[in-house]
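Have a look at the structure below before the remarks.
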Amino acid sequence: MIARVVVDVPVAAVDRPFDYAVPPALSPLVRVGIRVLVPFGPRQVIGFVVDVDEADGKTEAAGKALKAIAAVLDPEPPLTEELVALGAWMAEAYLCPRSAAYQAMLPSALKARTEKRLRLRGEPPPLLAPSAEEAAFVEALRRRGHLTFDEAMKRFPGAAALMRRWVEEGVLDVFYAAVDRAGTKTVTRVVPAVDPEALRRARDALSPRAVRQRAVLDALLAAPHPPTLADLLAAAGAPRSAVTALVEKGLLHLVEEEVYRDPYAAASFAPSSPPPLTAQQEAAVCRISEALASGQPHTLLVHGVTGSGKTEVYLQAIARTLESGRQAIVLVPEIALTPQMVERFKGRFGARVAVLHSRLSVGERYDEWRKIRRGEVDVAVGARSAVFAPFTRLGLLVIDEEHETSYKQEEQPKYHARAVARWRAERHGAVLVLGSATPALETYAASKSGRIERIVLTERPGGGRLPTVTVVDMREELRAGNRSMFSRRLREAIERRLSCGEQVVLFLNRRGYATFVLCRVCGYVAQCPHCDLSLTYHLAGRMLRCHTCGHAEPEPARCPSCGSPHVRYFGAGTQRVEEALARTFPGIRVIRMDVDTTRAKGAHEVLLGRFRSGEADVLLGTQMIAKGLDFPNVTLVGVIAADTLLRLPDFRAAERTFQLLTQVAGRAGRGERPGEVIVQTYAPEHYSIRLAQSHDYAAFAERELAVRRKGMYPPFSRLILLTLSGRDVRAVQKAAGDVAARIRRAVDDTAQVLGPSPSPVLRVNDRYRFQCVLKYKNESLVKPAVKAVLAEVERALSAQGVGLSVDVDPMVLW
DNA sequence: AGCACGCCGACT
DNA sequence: GTCGGCGTGCTC
Ligand SMILES: [Zn+2]
Ligand SMILES: [Zn+2]
């Protein structure tokens, strides 16, 4: 019996199956999709069985004797045959190693690696004159039984020669063990080591100069529960060193804890039954059912305005799927996977639903995943990675808010859940339903060309009209002498809501207080020491922070360049809007929601719950408040600065802006009262803003398609973004030139190779980045050519300390 | 990616 | 003489 194995070594050079003999004792266990430990060169690695041949009795490959599988790592294959085939497709589609695709499919509880270890084979020969390190090494081996090779080299570098000799002489045994990937998410919690009273006394006894340590203790005393280290540091605005100092003084403990418990575990879900449908919903469910019954693969776009009841259409389509004995996957953007959303599915389908959520602990997620694998549930609801739910009788895949960029994975392999879902639908003869109020332009184009069918929902079952949208030209405001961040129109509108007890949602896509810090005398701008980006000023702890690498430093009292005290803050963030609201509308109650206020577990739900119950007049936030939240009492939505997205150097900027404005506008007037939306901008004439104002998706899509056609951008071409990065600028630049030249030689002139050019932000995290963009149409020609180039340059690049990342169909070009 | 093998400079 | 630098070749 022969097994073909893809080893878990994610490099192009070994990205192909290797043949192994299966020892008779293991043959009942070895099946496609199972993980095994195999000898590979001089070491052992983990691999995935991608094929077995019972009849094949061959004993050699490429003229050399076959090696045998050393161990089987699972009782049952974690990957189905379908997923094994999907991995092979992903490797071609996304130019990634197959093993990287398999890793992306596994729950993190099953992610493993091998570890090289040393152990004594019996009693070691006596050493005549051992060095201190050699003696300590032998002592550690005796006491612990075995040591990892890495640890031994790090702790006892002076014993390296002895290790080598003993391995050669057979005194030491080198072996490999499969261990968990160090990916188990833990959070560090800060726990007082003394009672609160003692803590208070300790705070008062601190040196007056220990400002940060006092801030940490104050924040800890104010916290109802032991906070996570990250939360505590953010709340106190203190550096980690302050906490370390307090730990050393014996006042605090740090405790590692596995992340969050199941946020829905305690919740009980009231059973719900299907409500009556509108005629349009009925027609949509009907079309999906027909497609299901055909047993042929279909992709359907459900294009419905906000509030048109898309979710109910999904629910009833799922019910039909289950009736026919098949299974369903529902993808929802991570941020929209709220307890309310989960309740809608659990309420309808009860225990037949598994939820895959990043807020589950590794163990809980694994439990949900296992229910799917064993067929104990028929519906999987989750974010992007739930698209790999290991069902074997898939009938329906739903992608809600299909235009969301979060469906594209940002790490290797950079897959798009929509493309993976489409592949699975083809394979199963299943139906893929894409739902959106503002479909991605690619999806819209596919529906126009007839490749996918479009179903339109224009009625709102709860009634309610679309809000009126007013665009305010902020240049006019400046001319009229209004230098505040609220236009006169927005200020009056807010005042009206305050006086009649209605609520307001305000949106600004920038967190912190000020987006840059400038010296009025010499023009100095505070920059991140690790990135080519300016630092954002945050009120908490009066710190300057880099939003990209996390660097933080105290605010400068004087300009570090010229010593002038005239350091000023520019570019309003949410904190500054909060401050301005309090000044402009005395007594106003504001809830601010951004990454800084929602880091703590459950904070998201708590803040939204407080706003819903009327504890605040205004919900002020970033991106995260744009998603399908329903607040019946909200009658005004204000967009503080609509052009922040428009200014990004990306071909999708207009699309992003249109989608965001439409989504934010959908927050207004979901009750009986009509909603009003006010959009502030410096570019009021831009078509993405004008057409969002008139709620005209079709006109926007046509206009934007014309722009894309002119620039030959997707959907009229396809893109591959190659990014090279490293600490040595010149090495990176040179490597980028070399890669671009090789690709130019490898593809024909129907493909364009742009660049290399420096990335829009050249340096991030002390790494310099250069990029190269491929624009092409002929996929079957370009992808193999690029793959070959990647294999050619892989070695040389890693030797030069240059990383190369490949993004097929990138969402952003930087 | 590891890991071994192999061939040149500067240490005991 | 040997320790160790990293080029290059291979992994069923
Ligand atoms: Zn200055
Ligand atoms: Zn930075």
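Not measured: the values here are computed from a predicted model. Below, read A as the first sequence line, B as the second, and so on, with proteins coming before strands; counting in each chain starts at 1.
Looking at A/H357 and A/E368, their side chains never bring a donor and an acceptor atom within 3.5 Å of each other. Side-chain contact of A/T148 with A/D150: a donor-acceptor pair under 3.5 Å is absent, judged by distance alone. When only modelled atom types and interatomic distance are considered, A/R769 and A/S725 share no side-chain donor-acceptor pair under 3.5 Å. For the 3.5 Å distance criterion, the side chains of A/T392 and A/E82 fail to qualify, holding no donor opposite an acceptor. Looking only at atom types and distance, the side chain of A/D766 has a donor-acceptor partner in the side chain of A/H530 under 3.5 Å away. With 3.5 Å as the limit, one finds no donor-acceptor pair spanning the side chains of A/D807 and A/S805.
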N/O contacts under 3.5 Å, protein versus nucleotides 1-8 of chain B?
| residue | atom | partner | partner atom | Å |
| --- | --- | --- | --- | --- |
| B/dA1 | OP1 | A/S798 | OG | 3.2 |
| B/dA1 | N3 | A/R43 | NH2 | 3.1 |
| B/dG2 | O4' | A/R43 | NH1 | 3.4 |
| B/dC3 | OP1 | A/Y176 | OH | 3.2 |

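When rounded to the nearest whole Å, the span between CG of A/D15 and C1' of C/dC10 equals 16 Å. Atom P of nucleotide C/dC12 and atom CG of A/L66 are separated by 10 Å, given to the nearest angstrom. Between the CZ atom of A/R165 and the P atom of C/dG4 there is a distance of 13 Å, given to the nearest Å.
A cation-pi arrangement is not found for A/R98 relative to A/Y102, the charged atom failing to lie both closer than 6.0 Å to the ring centre and inside a 45° cone about the ring normal.
Side-chain atoms of A/R545 do not come within 3.5 Å of backbone N or O of A/H551 as any donor-acceptor pair. Put simply, the side chain of A/K154 never gets that close to the backbone of A/F149: no donor and acceptor are under 3.5 Å apart. Under the 3.5 Å distance criterion, the side-chain polar atoms of A/S759 are left unmatched by any main-chain donor or acceptor of A/L762.
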Q. Which dot-bracket string describes DNA chain B (Watson-Crick N1-N3 plus N6-O4 or O6-N4, or G-U N1-O2 and O6-N3, all under 3.5 Å; [ ] crossing; | other strand)?
A. |||||||||||.
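For an aromatic pair to be called close, the ring centres must be under 6.0 Å apart, and A/Y20 with A/F40 fails this.
Look at A/K64 and you'll find a side-chain N or O under 4.0 angstrom from OP1 or OP2 of C/dT11.
Contacts with DNA chain C (heavy atom under 4.0 Å) in residues 18-38 of chain A: A/F18, A/D19, A/Y20, listed by number.
Across all strands, A/P17 comes closer than 4.0 Å to no nucleic acid atom at all (heavy-atom distances). In this structure, A/R164 reaches the sugar-phosphate backbone alone: every heavy-atom distance under 4.0 Å involves primed, P, OP1 or OP2 atoms, never a base.
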